[in-house]
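Keep in mind that this is a model prediction, so the values were computed, not measured.
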Amino acid sequence: MNQIIVMVLILMGYALSSTKMINEGNEALVERFGKYRRKLKPGINFIFPLLDQIVMEDTVREQVLDIKPQNVITRDNVYLEVDGVVFWKIIDMEKSFYKIDDIQTALTNLVTVEFRASIAERTLEETIASRNEMNQALLEILNGTSRDWGVEIIRVDIQDIKPPQSVQESMAEQNAAEMKKRAVIAEAEGERQAAIKKAEATRTSMQIIAEALRSNPDTKDILRYLVAQDYVDASQKLSESKNAKIVFMDPIKSGEVYNQIITEEVVEESLHGESENGNGAA
C-alpha cells in the first residue's frame, strides 16, 4: 500500500513538473541536453523534466527603450545634447536569444551610434528642421540590423535636441531679427499698397475733373474756388499751432486766392442781407 502511495506521489510530482504555464503575450524556449528543442506558446505546455529545460521566457509585446541624453556633434561643429525613445518588439524569440547576448544593451548601443552618425551628417539648422526625416531614416537603418536579432523597431522618436546656451541665445536673436525684418517688409508693402491706392484715386479724380472741364467750361470757376478754399484751410491749420510761423504764398496765385475769398464773402453777405430783408418785409 505504501509503495502505491509513493508511486502515485511520484507520478503526480512528475506531471506537475512537466506542466508549464506560459502567460499571454509571452513565449519560452526549451532546450534538450543543451540544444534548442522547441518554442512554447501561451497556455499549458508539457515538457520532460529530466530532459528538457526552459532557458528563456520573455514578452513579445511592444517595449519601450529610453535613450538617455547623448552628446553629439553636427557637421558644422556644434555640440548638441540629444535624447529619444525607441519602440520595439521581439518577432523571433529564438534569434533574440541565440543571435545576441543582451538584446537591451545591443539595441541601446546601436541606437546611440546611429543617432550620432545621423546628426554628424547634418548641420545644426538641418538637424532641427528635419527631425521627422531623421526619425524615418533611423527607423530603416535600425531595422536593417535588428531583424537579424529577431527584433523589429516599430518607431523612433528624437525627443529633445538641446544646443549650448550660447547657441540658443544666438538662435533667439536671429529669430527676433527675422521677425523684425518680416514686420518691416510687411509695413513697407502696406505703405506701397496705400500709395498705389491713393495714386489711383488721384488719377480717377483728375480724370473726372478733366472730363467736367471739357464738358462744361463754367466749372473752371468752381475749380479756382476749390483751390482758394484749400489755401484757406491750410492757413487755418497752421494758425492752430502755438509756435510762430511764416507762410509763403505764390505771388501769381495770391491775387486769385484773394479774389476768390472776397467773392465768397460778398456772396455770403448778400445772401445774409437778402435773408434779413425778407424777414423784415415779412
Side-chain angles (χ1 to χ4, degrees), residues 22-31 34-43 45 53-168 170-171 175:
I22 304 300
N23 296 327
E24 185 67 35
N26 289 3
E27 289 181 354
L29 300 179
V30 176
E31 288 183 354
K35 186 177 181 180
Y36 172 72
R37 176 67 178 175
R38 62 192 178 97
K39 184 188 301 180
L40 303 183
K41 297 292 185 179
N45 297 268
Q53 180 184 5
I54 295 179
V55 294
M56 178 185 181
E57 181 179 349
D58 203 349
T59 180
V60 292
R61 292 172 292 183
E62 185 173 327
Q63 303 182 61
V64 179
L65 180 63
D66 187 13
I67 305 300
K68 297 180 180 180
Q70 304 290 324
N71 293 322
V72 297
I73 185 170
T74 64
R75 193 178 66 191
D76 51 350
N77 297 323
V78 177
Y79 285 90
L80 301 177
E81 189 177 86
V82 181
D83 64 0
V85 292
V86 175
F87 298 85
W88 64 284
K89 67 177 182 179
I90 297 175
I91 58 176
D92 191 328
M93 188 70 68
E94 182 182 353
K95 286 185 177 180
S96 68
F97 182 72
Y98 291 106
K99 292 289 185 179
I100 192 74
D101 183 38
D102 187 340
I103 188 64
Q104 288 275 358
T105 302
L107 285 176
T108 301
N109 291 334
L110 177 64
V111 172
T112 301
V113 170
E114 294 301 335
F115 267 22
R116 293 177 177 175
S118 179
I119 293 176
E121 297 175 352
R122 294 172 171 83
T123 63
L124 173 61
E125 185 176 355
E126 292 171 347
T127 301
I128 295 175
S130 60
R131 183 177 302 187
N132 291 334
E133 296 178 3
M134 290 175 58
N135 290 337
Q136 292 300 319
L138 286 169
L139 183 63
E140 295 179 4
I141 295 172
L142 293 173
N143 272 321
T145 302
S146 65
R147 285 195 178 96
D148 294 336
W149 301 339
V151 171
E152 179 185 5
I153 306 298
I154 300 172
R155 189 167 68 255
V156 179
D157 287 333
I158 298 177
Q159 289 188 315
D160 193 15
I161 300 175
K162 185 181 297 183
Q165 185 64 31
S166 59
V167 176
Q168 294 183 35
S170 299
M171 293 173 62
N175 291 337

Do the side chains of [Y] and [X] get nearer than 4.5 Å, heavy atoms only?
{"X": "Val156", "Y": "Phe115", "answer": "yes"}
{"X": "Ile158", "Y": "Leu138", "answer": "yes"}
{"X": "Trp88", "Y": "Val111", "answer": "no"}
{"X": "Ile100", "Y": "Leu107", "answer": "no"}

Practice task
Could I get the full list of side-chain contact (heavy atoms from CB on, under 4.5 Å) partners for Val113, not counting sequence neighbours?
Solution key: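 Residues passing side-chain contact (heavy atoms from CB on, under 4.5 Å) with Val113: none at all.
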Practice task
With sequence neighbours left out, write down each residue that passes side-chain contact (heavy atoms from CB on, under 4.5 Å) with Ala28, or none if nothing qualifies.
Solution key: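 So Ala28 forms a side-chain contact (heavy atoms from CB on, under 4.5 Å) with Ile22, Leu40, Ile54, Glu57.
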Say you draw a straight line from [atom1] of [X] to [atom2] of [Y]; how long is it, rounded to the nearest 0.5 Å?
{"X": "Glu133", "Y": "Ser118", "atom1": "CD", "atom2": "OG", "value": "10.0 Å"}
{"X": "Glu31", "Y": "Arg38", "atom1": "CD", "atom2": "CZ", "value": "13.0 Å"}
{"X": "Glu81", "Y": "Ile161", "atom1": "CD", "atom2": "CD1", "value": "11.5 Å"}
{"X": "Ile141", "Y": "Ser146", "atom1": "CD1", "atom2": "OG", "value": "11.5 Å"}
{"X": "Leu80", "Y": "Asp160", "atom1": "CG", "atom2": "CG", "value": "10.0 Å"}
{"X": "Asp58", "Y": "Ile90", "atom1": "CG", "atom2": "CD1", "value": "4.0 Å"}

Problem - Of all pairs that satisfy salt bridge (Lys or Arg N to Asp or Glu O under 4.0 Å), the ones with a partner from residues 89-111, not counting sequence neighbours - result: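 As it turns out, there is no salt bridge (Lys or Arg N to Asp or Glu O under 4.0 Å) pair with a partner in residues 89-111 once direct neighbours are skipped.
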Practice task
Keeping to residues at least two apart or across chains, list the salt bridge (Lys or Arg N to Asp or Glu O under 4.0 Å) pairs with something in residues 146-156.
Solution key: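 Found Arg155-Asp157.
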Exercise for the section: Verify the neighbour count for atom CZ of Arg122: are there more than 12 heavy atoms of other residues, nucleotides or ligands below 6.0 Å? Expected result: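 Yes, CZ of Arg122 has more than 12 neighbouring heavy atoms, counting only those of other groups under 6.0 Å.
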Practice task
Look at atom CD of Gln159 and say whether more than 12 heavy atoms of other residues, nucleotides or ligands are closer to it than 6.0 Å.
Solution key: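 Correct, the count exceeds 12.
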Problem - Those residues that, when tested against Glu114, pass salt bridge (Lys or Arg N to Asp or Glu O under 4.0 Å) (two or more places apart) - result: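 Result, salt bridge (Lys or Arg N to Asp or Glu O under 4.0 Å) vs Glu114: none returned.
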Problem - Residues which pass salt bridge (Lys or Arg N to Asp or Glu O under 4.0 Å) with Glu126, listed by chain and number, not counting sequence neighbours - result: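 So Glu126 forms a salt bridge (Lys or Arg N to Asp or Glu O under 4.0 Å) with Arg75.
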Handout entry: By side chain to side chain donor-acceptor pair (under 3.5 Å) - contacts of Ser96 (at least two apart)
Key =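 By the side chain to side chain donor-acceptor pair (under 3.5 Å) rule, Ser96 matches no residue at all.
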Problem - Residues in side chain to side chain donor-acceptor pair (under 3.5 Å) contact with Thr108, at least two apart in sequence or another chain - result: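 Partners of Thr108 under the side chain to side chain donor-acceptor pair (under 3.5 Å) test: none.
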Closest heavy-atom pair and its distance - [X], [Y]:
{"X": "Ile153", "Y": "Leu139", "value": "O-CD1, 3.2 Å"}
{"X": "Leu110", "Y": "Leu142", "value": "CG-CD2, 3.5 Å"}
{"X": "Pro42", "Y": "Gly25", "value": "CG-N, 4.1 Å"}

Result block: side-chain N/O donor-acceptor pairs under 3.5 angstrom for residues 62-74, not counting sequence neighbours:
unit_1, atom_1, unit_2, atom_2, d
Gln70, OE1, Arg116, NH2, 3.2
Gln70, NE2, Lys68, O, 3.1
Thr74, OG1, Asp76, OD1, 2.4
Thr74, OG1, Val78, N, 3.1
Thr74, OG1, Val78, O, 3.4

Problem - ring pair (Phe, Tyr, Trp, His ring centres under 6.0 Å) partners of Tyr98, counting only residues at least two apart - result: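 For Tyr98, the residues satisfying ring pair (Phe, Tyr, Trp, His ring centres under 6.0 Å) (neighbours in sequence not counted) are Tyr36.
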Practice task
Check whether any side-chain N or O of Asn45 sits under 3.5 Å from a backbone N or O of Gly43 as a donor-acceptor pair, and report yes or no.
Solution key: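 Confirmed, Asn45 side chain pairs with Gly43 backbone.
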